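Comments concern the structure below.
No hydrogens, no waters, no symmetry mates; every other heavy atom, side chains included, goes into these values. Source: prediction; values computed, not measured.
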Amino acid sequence: HHPQRIRQSLRIRGTMGTARRIYQLWQSQRPVTTRPLPAPLAEPSTTVLRALTFAQSATPTVSIIIPVYNQYHYTDACLQSLQQHTTPTIPTEIIVVDDASTDPTPELLALMRGIRVHRQAQNSGFIAACNAGAQQAKGTYLVFLNNDTVVTAHWLAFYGSIKSAN
């Protein structure tokens, strides 16, 4: 729009500087879109441990693996979201690998029904926990979730595209 300003910017800033400046101007004029933030997780001191029951398939197509170490309130929120938003039409299994947690995580996991819990004898780290979960998995597809993940509706929608591609 302003060829003279662009030529002047090229002389002063050079090609990269001008490109950077154009990008900055473009960014400042873009409309800001916002999404509602998810509800905050309950603080550990206010988290009440409660039992959840999950539908578990004997022949899962998707294995959901969640490595955890402490932070039981995150694990609780993750499992609650999985129970609420995992479609029963997709054969799944949930495997939680507890990497020797020292907080109430073992007590929380003991309340859950329809998930498999693998407790490591000692804390071996994130990758070792992921590998332990993968070794336990029966599904064709493995989905790894951090324990602070809160899934939403249709979160496993990718499965339909995988299924139709095969």
Side-chain angles (χ1 to χ4, degrees), residues 23-24 27 30-166:
Y23 178 76
Q24 289 169 346
Q27 284 287 88
R30 288 179 51 200
V32 176
T33 57
T34 59
R35 294 182 294 159
L37 294 173
L41 294 174
E43 289 299 315
S45 60
T46 62
T47 301
V48 177
L49 302 181
R50 60 188 164 280
L52 297 174
T53 302
F54 297 86
Q56 184 177 27
S57 172
T59 56
T61 303
V62 179
S63 294
I64 303 162
I65 302 165
I66 309 167
V68 304
Y69 176 70
N70 292 335
Q71 305 296 328
Y72 72 94
H73 57 290
Y74 287 134
T75 303
D76 186 44
C78 179
L79 291 171
Q80 286 182 45
S81 71
L82 283 169
Q83 185 193 45
Q84 183 178 0
H85 297 295
T86 301
T87 309
T89 56
I90 299 173
T92 60
E93 67 175 343
I94 297 173
I95 302 167
V96 179
V97 181
D98 181 4
D99 202 16
S101 293
T102 57
D103 71 348
T105 296
E107 290 83 2
L108 171 72
L109 297 176
L111 295 171
M112 303 301 153
R113 300 292 172 251
I115 69 171
R116 292 192 305 157
V117 177
H118 174 77
R119 182 156 167 85
Q120 303 275 70
Q122 65 184 32
N123 185 292
S124 303
F126 179 75
I127 297 301
C130 289
N131 287 333
Q135 288 173 345
Q136 301 276 322
K138 297 178 189 172
T140 305
Y141 303 101
L142 306 182
V143 175
F144 292 89
L145 297 179
N146 286 336
N147 70 327
D148 63 351
T149 302
V150 176
V151 300
T152 57
H154 312 294
W155 79 278
L156 264 182
F158 80 92
Y159 171 72
S161 60
I162 292 171
K163 190 176 174 182
S164 63
N166 289 332

Side chains of [X] and [Y]: closer than 4.5 Å at any heavy-atom pair?
| X | Y | result |
| --- | --- | --- |
| Thr92 | Leu156 | yes |
| Ile66 | Leu82 | yes |
| Thr149 | Trp155 | no |

Distance-minimising heavy-atom pair for [X] and [Y]:
| X | Y | answer |
| --- | --- | --- |
| Gln120 | Asp99 | CG-OD1, 3.4 Å |
| Leu142 | Ala134 | CD1-CB, 3.9 Å |
| Ala100 | Asn123 | CB-N, 3.5 Å |
| Ile65 | Ala137 | CD1-CB, 4.2 Å |
| Gly139 | Ser63 | N-OG, 2.8 Å |

Atom CD of residue position Gln24 - does it have more than 12 heavy atoms of other residues, nucleotides or ligands inside 6.0 Å?
yes
For Arg119 and Ser101, what are the C-alpha separation, side-chain angles and deciding distance, and is it a side-chain contact (heavy atoms from CB on, under 4.5 Å)?
CA-CA 9 Å; Arg119 182 156 167 85; Ser101 293; 4.3 Å; yes
For Thr152 and Ser81, what are the C-alpha separation, side-chain angles and deciding distance, and is it a side-chain contact (heavy atoms from CB on, under 4.5 Å)?
CA-CA 7 Å; Thr152 57; Ser81 71; over 6 Å; no
Using a 3.5 Å distance criterion without hydrogens, assess whether the side chain of [X] forms a donor-acceptor pair with backbone atoms of [Y].
| X | Y | value |
| --- | --- | --- |
| Asn70 | Thr102 | yes |
| Gln136 | His118 | no |
| Thr59 | Ser57 | no |
| Gln83 | Phe54 | no |
| Asp103 | Tyr72 | yes |

Looking at [atom1] of [X] and [atom2] of [Y], how far apart are the two atoms once the value is rounded to the nearest 0.5 Å?
| X | Y | atom1 | atom2 | result |
| --- | --- | --- | --- | --- |
| Ile94 | Leu79 | CD1 | CG | 6.5 Å |
| Asn147 | Gln71 | CG | CD | 7.0 Å |
| Ile90 | Tyr141 | CD1 | OH | 11.5 Å |
| Ile115 | Ile64 | CD1 | CD1 | 11.0 Å |
| Thr105 | Asp76 | OG1 | CG | 9.5 Å |

Before you tell me yes or no, could you show the steps for Met112 and Val117 under side-chain contact (heavy atoms from CB on, under 4.5 Å), namely the whole-Å CA-CA distance, both residues' side-chain angles and the distance that decides it to 0.1 Å?
CA-CA 9 Å; Met112 303 301 153; Val117 177; 5.9 Å; no
Under 3.5 Å, is there a donor-acceptor pair linking the side chains of Asn131 and Gln135?
no
Applying side-chain contact (heavy atoms from CB on, under 4.5 Å) to Val68 and Tyr74, what does each step give before you reach the verdict?
CA-CA 9 Å; Val68 304; Tyr74 287 134; over 6 Å; no
